[in-house]
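The next block holds one structure in the form of structure tokens; read it before the comments.
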Amino acid sequence: MPSQKIETGHQDVVHDVSMDYYGKRLATSSSDATIKIIGINGSSHQHLATLSGHQGPIWEVAWAHPMFGSMLASCGYDGKVIIWKEGSKPDDWTQAHVFNEHKSSVNSIAWAPHELGLCLACGSSDGNISVFTARADGGWDASKIDQAHPVGVTSISWAPALAPGALVGSGPLDPVQKLASGGCDNTVKVWKLYNGNWKMDCFPALQMHADWVRDVAWAPNLGLPKSTIASASQDGTVVIWTVTKEGDQWAGKVLYDFKTPVWRVTWSLTGNILAVADGNDNITLWKEAVDGEWQQVTTVEP
């Protein structure tokens, strides 16, 4: 598929781009304090809506699973998390809910796997992670991981809801509720929900980075017993963390030293390809070889 250039119409830096479940619409967020919704149709695109509600840069936008309707979440420097809902008329968006729980910038948001219901995790510079779960009556329950990374949370990612090694259709299984987080303390941490309380699930914290962790991404599981997390850092490295089975220690391996800050890591839907965005404006794709070594498969041309 040939790449296409999309004019977003933003007046300032674009911080995040998120494609909806069907690949038909993009949401973009910017320092101009707006979100743009852009329709994609083959090689053409059109501006559908501009959403305003934040006071300051908007760091991330995320689409909810379509089983919950047409919904977006956004987070920004103003400490707010906004849930946007599309009305009965297409491109007519309203603020369905605004969370003001955080005292400083909310840097990262992530919707839980849909098996866990409508549930959003948020990481903030105040050091805390909050998890909001929608109730049947339209309200939201909030739980919190206090001082997850005391100097600031930069990124969060949910584990797949299906336990590693479990096969679809192998009988009823309780969905897994786990999160990975990265922070300004240079560590990656794993959290698990036990009896309604979030507890750290890795001891000690995962530490191989020498500077801020900028992004974490939990890989989809491929029916294998192991779990995999990728982390990207200001120090220029991407680390692949794996644990072979529940309760074992996580082991880290440097994928590559990019010699420039690494901003984003994203897994393919099948979990076997990792996309890396670095400070030199390069996007590279990586794949694990049979011998366990990671190899670059391609560079995405801008």
Side-chain angles (χ1 to χ4, degrees), residues 13-16 18 27 29-31 33-35 51 53-64 71-84 95-112 116 118-134 140-159 177-193 196-202 205-207 209 211-218 229 231-234 261 263-265:
V13 179
V14 175
H15 295 291
D16 197 19
S18 178
S29 69
S30 164
S31 275
T34 70
I35 295 162
L51 314 185
H54 284 280
Q55 284 82 43
I58 304 170
W59 304 130
E60 288 193 4
V61 280
W63 295 90
M71 292 177 87
L72 259 183
S74 60
C75 66
Y77 181 74
D78 57 7
K80 286 202 286 200
V81 174
I82 301 179
I83 309 282
W84 306 85
Q95 295 183 27
H97 205 90
V98 180
F99 298 111
N100 290 302
E101 262 75 351
H102 290 284
K103 300 293 175 271
S104 53
S105 176
V106 179
N107 303 317
S108 185
I109 47 172
W111 290 105
L116 304 180
L118 188 62
C119 179
L120 184 74
C122 317
S124 168
S125 291
D126 63 14
N128 303 330
I129 294 171
S130 54
V131 180
F132 301 108
T133 307
W140 294 77
D141 290 324
S143 60
K144 201 158 134 190
I145 305 172
D146 265 322
Q147 297 301 288
H149 298 266
V151 279
V153 183
T154 54
S155 50
I156 41 176
S157 178
W158 288 87
Q177 295 205 45
K178 279 190 181 184
L179 281 171
S181 62
C184 306
D185 56 4
N186 311 347
T187 71
V188 173
K189 293 181 180 178
V190 178
W191 309 90
K192 186 176 183 180
L193 192 64
N197 294 311
W198 289 94
K199 298 265 178 23
M200 202 159 128
D201 197 50
C202 61
L206 311 183
Q207 187 142 21
H209 290 297
D211 206 335
W212 290 17
V213 176
R214 284 294 182 180
D215 199 19
V216 287
W218 203 307
I229 296 169
S231 61
S233 170
Q234 190 82 22
W263 303 116
R264 278 291 173 88
V265 277

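Note that the coordinates shown come from a computational prediction; the quantities given were computed from them, not determined experimentally.
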Quiz prompt | For K80, side chain to side chain donor-acceptor pair (under 3.5 Å) partners two or more places apart | solution = Q55

Quiz item: Looking at side-chain heavy atoms only, is the closest gap between M71 and W63 below 4.5 Å?
Solution: no

Practice problem: Using the six-membered ring wherever Trp is involved, compare the ring planes of F99 and W140 and label them parallel, tilted or perpendicular (cut-offs 30° and 60°). | Solution: perpendicular

Quiz item: With Y77, which residues qualify under ring-ring contact (aromatic ring centres under 6.0 Å, His included), at least two apart?
Solution: none

Practice problem: Working to the nearest 0.5 Å, report the span between CZ of R264 and OG of S155. | Solution: 9.0 Å

Quiz item: Any side-chain donor-acceptor pair under 3.5 Å between N107 and S125?
Solution: yes

Quiz item: When rounded to the nearest 0.5 angstrom, what is the spacing between CG in N128 and SG in C122?
Solution: 11.5 Å

Exercise. Specify the closest pair of heavy atoms between V216 and S231, including all atoms of both residues, with the distance to one decimal.
Key: CG1-CB, 4.1 Å

Self-check item: Counterpart residues, side chain to side chain donor-acceptor pair (under 3.5 Å), relative to D141 (two or more places apart)
Solution: R135

Quiz item: From S130 OG over to I156 CD1, what is the distance, rounded to the nearest 0.5 angstrom?
Solution: 7.5 Å

Quiz prompt | Pairing residues for D201 by the salt bridge (charged side-chain N to carboxylate O under 4.0 Å, His left out) criterion, not counting sequence neighbours | solution = K178

Quiz prompt | Side chain to side chain, Q234 and W263, heavy atoms closer than 4.5 Å | solution = yes

Quiz item: Listed by chain and number, what are the side chain to side chain donor-acceptor pair (under 3.5 Å) partners of W218, not counting sequence neighbours?
Solution: none

Quiz item: For K103, which residues count as a salt bridge (charged side-chain N to carboxylate O under 4.0 Å, His left out) partner, sequence neighbours excluded?
Solution: none

Quiz item: Where the side chain of S29 meets the backbone of H15, is there a donor-acceptor pair that is under 3.5 Å apart?
Solution: no

Practice problem: Please name all residues satisfying side-chain contact (heavy atoms from CB on, under 4.5 Å) with A148, sequence neighbours left out, ordered by chain then number. | Solution: I129, I145, V153, W191

Quiz item: Residues in side-chain contact (heavy atoms from CB on, under 4.5 Å) with C119, at least two apart?
Solution: A112, V131, T133, W158

Exercise. Report yes if some heavy atom in the side chain of C184 is under 4.5 Å from a heavy atom in the side chain of T154; otherwise report no.
Key: yes

Exercise. Could I get the full list of side chain to side chain donor-acceptor pair (under 3.5 Å) partners for D185, not counting sequence neighbours?
Key: H149, T187

Self-check item: Beyond-backbone contact of I58 with I82, side-chain heavy atoms, under 4.5 angstrom
Solution: no

Practice problem: Please determine which of S105, S108, S30 meets the side-chain hydrogen bond (donor to acceptor under 3.5 Å, both in side chains) test together with W59. | Solution: S105

Quiz item: Would you call F132 and E101 a side-chain contact if the rule is heavy atoms closer than 4.5 Å?
Solution: yes

Self-check item: Minimal non-hydrogen separation, H54 against S74, with atom names
Solution: NE2-OG, 2.8 Å

Practice problem: Decide yes or no for P261 and R214: does some side-chain heavy atom of the first lie under 4.5 Å from some side-chain heavy atom of the second? | Solution: no

Quiz item: Who passes side-chain contact (heavy atoms from CB on, under 4.5 Å) against A73, sequence neighbours left out?
Solution: I83, I109, W111, L120

Quiz item: Partners of K199 by salt bridge (charged side-chain N to carboxylate O under 4.0 Å, His left out), sequence neighbours excluded?
Solution: none

Exercise. Please identify each residue that fulfils side-chain contact (heavy atoms from CB on, under 4.5 Å) with S124, with sequence neighbours left out.
Key: H102, S104, V106, D126

